[in-house]
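Structure record follows, encoded as structure tokens.
Just the heavy atoms: all of them, side chains too, but no hydrogens, waters or symmetry mates, feed the values below.
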Amino acid sequence: MVDAPRIHVAKHLDVSPPHADAHGPALNAAQADAASHGDTPLLIVAGAGSGKTRTLIHRVAHLIKRGVPANQILLLTFTRRASQEMIDRCQRLVGSASQHVTGGTFHGVAHRLLRRFGPAAGLPADFTILDQGDASDLMSIGRAALGYGDAKAGTPRFPRSETLVAIYSRHVNTERPVADILAEQWPHFLSWCGDIERLFGDYVRRKSERNLLDYDDLLLSWALLLEHDPAIATQIRALYDHVLVDEYQDTNPLQSRILRALCINGRITVVGDDAQSIYAFRGATIRNILDFPAQFPGTRIVTLERNYRSIAPILETTNTLISRSTERYSKQLWTERTGGEPPWLVTLRDEHEQTNFVVDRILQLHEEGIPLREIAVLFRAGYLSADLEIELANRRIPYEKWGGLKFLEAAHVKDILAFLRVLENPRDEVSWYRLLRLLPGVGDATARMAVEQLTLHDWQPMAIGAVRAPSRARPGLHALSALLDGMRRVHAHSPAEAIRIVRQLYDPILKATYDDAPPRLSDLDQLEVIAAGYPDRSAFLSALALEPPSNTQDLAVGGDDETDALILSTAHSAKGKEWDVVFVIHAADGIFPMARAAGDEAQVEEERRLLYVAMTRSRDQLFVTYPLHSYATRTGADFSFGQLSRFLDPGVRATMQRVTLGADPVQALPPPRAEASVDLRALLRGRFGTRD
């Protein structure tokens, strides 16, 4: 199936389509073919750097020009920002009509549909969305209530709440039995399978009783509406004449199930690259894109092979690397960008020498005129940049690391949002527990008594003032009940105004709780600024739950785009980005692939694709480094000797230039190893045998 690796450099080939637009370079022949396709299912297999976003934009523009009402075009992307950027770019092609295109994430569209159609299926329109932390808290409540909180001597430990949420999410999104998921990923918890399923039933019941949905419920509820209520399904399908999906290789089985139930008219276009399917740990599966033609009979496949990003020598290396994949769509990327030098494969004595090489080379490139922001250092996992970060700080080189604690995961931000959540949904037990435990003198026992009082008094805030609590806890309980009762009676508070009011109670608590209060208070100031952009609490809370910002700047006005800083990023976070120069560090077995993947062929193949994604981010220069000795391989020894990544086999190495700053391990390497009308809430509860 795989041809011998080659590079096609087209020097004088005219690939202009029969028509072009005045807003950028003409589409090439394959792009124009995809953009102007008719009404049957279309799969666009788009290689790295092949202009897939531009092709998708022109596809939307073509449909509008052809007479498809813009508001009947659904554009599904993996971030709200991506869909808005596509719609904005489409406007330059067809005018303001494109602003009526329905765009958003799977979860965002599901949210809008459930607010509109859920009440007819028994789901109240004022449901609250649990984020991952809230879901873990609710799971923890059920875990304790069912007696799984305390370990018994001689029995295996029961999973923590965070692990239980991960198992539950994997079960919902992959549609696999809990037992199979445990056997594959958490075998040490397999003996608890029946108890875990019992707890999941309790978790689903608690969500239903408290009018809560988690992220996974949004997608599952959308699917259930389409599959179990013909009348509502017909109304939903009538909303969309054409559906277009970006990054299809990153979808999970549940998302594929939604599309099959939604697009029975066959008017679906998906765009993706099987070679960049790297999110199995989130439940995504490469099977969706590989099996799309079978799932949608009559599918036409258009392959985009012209690469506009990388120079020819880099493409030769990456083409060779990915050609080893055992199952893929056959494609050979080519470019007109001739010249440049082959990627470097740099062997170094140890991790510290690797760091010095990377930093010295970055400084040299910067002196040659390359901005730091056009240089990226990529790695398999966040801990692998620790030594590099120390050296960058020592040399006063500014850098930005992608990852870390998300803004909305910060405890003080979640505290403020909990106030707004109980105002929006008084039955939100998770948020009540969070607020109660903030108060001086209130522990778990008092918090439980307060929640019991709330349930007995229809979730009226004043009920907590009557709790028999320790004397130290009473002032806080009375203050909280008075604050929330007063705010509940006044419905006109904007989100920003509501935050200012609750901070009168919360800020003194924050100052007494945290040693580093000033930056946390600044975060809350910024949260007010963000909230000012939303008309009401519901819109604000829904927006943050569905597309949370990674930091305060994500939703702030303006931004510091002029800062020149080096980019440090995991390979996963780098997907979809590109830089002039890329360093891929720690290219060793145990890192690429990770040691835990070595015994599973599917995981090894995904690790190969991850290295491919990292290496294809580069436009002009690519450096792959390999330290002979490293702390990073985490073998249990303080300092270990590793092997070069199995993915950089002799054929791949033959396309690279080798630079050795330590002893060259490649000559001593062994031969390459084998490469291995429906009640929606009842349907949700019914997955684990729960009843009203």
Side-chain angles (χ1 to χ4, degrees), residues 128-144 149 160-166 212 214-215 382 401 403-425 428-448 450-451 464 472-473 476-477 479-480 483-484 487 495-496 498-531 537 540-556:
T128 299
I129 304 170
L130 293 170
D131 66 17
Q132 189 168 11
D134 298 325
S136 179
D137 289 343
L138 187 62
M139 190 76 77
S140 181
I141 292 170
R143 183 178 184 271
R160 292 187 172 89
S161 297
E162 296 84 354
T163 305
L164 290 164
V165 170
L212 303 171
D214 60 28
Y215 288 153
K401 185 174 181 181
L405 183 68
K406 299 292 189 289
F407 177 50
L408 293 186
E409 293 171 2
H412 52 292
V413 175
K414 289 180 68 68
D415 291 343
I416 289 292
L417 295 179
F419 283 93
L420 273 60
R421 287 163 60 89
V422 297
L423 288 168
E424 194 65 21
N425 177 10
D428 187 342
E429 182 180 15
V430 173
S431 293
W432 272 115
Y433 268 107
R434 186 176 194 94
L435 294 183
L436 290 163
R437 287 180 292 189
L438 289 174
L439 303 176
V442 175
D444 287 342
T446 302
R448 281 197 298 272
V451 171
I464 62 176
R472 182 166 173 261
L477 289 170
L480 179 62
L483 173 72
L484 294 176
M487 294 185 71
I499 291 173
R500 283 194 295 273
I501 294 171
V502 300
R503 287 186 65 181
Q504 296 173 20
L505 174 65
Y506 180 72
D507 281 9
I509 296 174
L510 183 149
K511 293 173 183 176
T513 304
Y514 299 105
D515 293 332
D516 56 343
R520 296 175 186 267
L521 292 170
S522 296
D523 279 346
L524 300 186
D525 292 339
Q526 187 61 52
L527 188 64
E528 284 188 38
V529 173
I530 295 171
R537 282 195 310 258
F540 176 59
L541 293 172
S542 295
L544 294 187
L546 292 168
E547 186 126 12
S550 60
N551 54 60
T552 56
Q553 294 302 316
D554 277 5
L555 290 178

Atom of [X], atom of [Y] and distance for their closest heavy-atom approach:
{"X": "Pro495", "Y": "Leu420", "value": "O-CD2, 4.4 Å"}
{"X": "Arg472", "Y": "Gly441", "value": "NH1-N, 3.1 Å"}
{"X": "Ala531", "Y": "Ile499", "value": "CB-CD1, 3.8 Å"}
{"X": "Leu435", "Y": "Ala418", "value": "CD2-CB, 3.7 Å"}
{"X": "Ala447", "Y": "Val442", "value": "N-CG1, 4.0 Å"}

Reported [atom1]-to-[atom2] distance for the pair [X] and [Y], which is rounded to 0.5 angstrom:
{"X": "Arg537", "Y": "Leu423", "atom1": "CZ", "atom2": "CG", "answer": "5.0 Å"}
{"X": "Leu510", "Y": "Asp415", "atom1": "CG", "atom2": "CG", "answer": "8.0 Å"}
{"X": "Leu527", "Y": "His412", "atom1": "CG", "atom2": "NE2", "answer": "9.0 Å"}
{"X": "Leu480", "Y": "Ile464", "atom1": "CG", "atom2": "CD1", "answer": "4.0 Å"}
{"X": "Glu162", "Y": "Asp137", "atom1": "CD", "atom2": "CG", "answer": "8.5 Å"}
{"X": "Arg448", "Y": "Arg437", "atom1": "CZ", "atom2": "CZ", "answer": "9.5 Å"}

Subject >> Derivation and outcome, side chain to side chain contact (heavy atoms under 4.5 Å, CB included), residues Met487 and Phe419 >> reply: CA-CA 10 Å; Met487 294 185 71; Phe419 283 93; over 6 Å; no
Subject >> Stepwise side chain to side chain contact (heavy atoms under 4.5 Å, CB included) test for Tyr506 and Ile501 >> reply: CA-CA 9 Å; Tyr506 180 72; Ile501 294 171; over 6 Å; no
With side chains defined as the heavy atoms from C-beta onward, is the minimum distance between [X] and [Y] less than 4.5 Å?
{"X": "Val451", "Y": "Ile141", "value": "no"}
{"X": "Asn425", "Y": "Leu212", "value": "yes"}
{"X": "Val165", "Y": "Leu138", "value": "no"}

Original post:
With respect to Asp131, which candidate in Lys414, Arg434, Arg421 satisfies the salt bridge (Lys or Arg N to Asp or Glu O under 4.0 Å) definition?
Top reply: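 Of all the options given, the one that passes is Lys414.
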Original post:
Does the side chain to side chain contact (heavy atoms under 4.5 Å, CB included) test come out yes or no for Ile129 and Asp214, once each step is laid out?
Top reply: CA-CA 5 Å; Ile129 304 170; Asp214 60 28; over 6 Å; no
**OP:** Please name the residue in the list Leu164, Leu130, Asp134 that meets the side-chain contact (heavy atoms from CB on, under 4.5 Å) test with Met139.
**Re:**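 So, applying the side-chain contact (heavy atoms from CB on, under 4.5 Å) to Met139 and each of Leu164, Leu130, Asp134, only Leu164 qualifies.
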Original post:
Ignoring hydrogens and geometry, is there a side-chain-to-backbone donor-acceptor pair from Thr513 to Ile509 under 3.5 Å?
Top reply: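 Between the backbone of Ile509 and the side chain of Thr513 there is a qualifying donor-acceptor contact (under 3.5 Å).
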**OP:** Test side chain to side chain contact (heavy atoms under 4.5 Å, CB included) on Leu436 and Thr446 and set out the steps.
**Re:** CA-CA 8 Å; Leu436 290 163; Thr446 302; over 6 Å; no
Subject >> With Glu528 via salt bridge (Lys or Arg N to Asp or Glu O under 4.0 Å) - residues at least two apart >> reply: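 With sequence neighbours excluded, Glu528 shows a salt bridge (Lys or Arg N to Asp or Glu O under 4.0 Å) to Arg500, Arg503, given in chain and number order.
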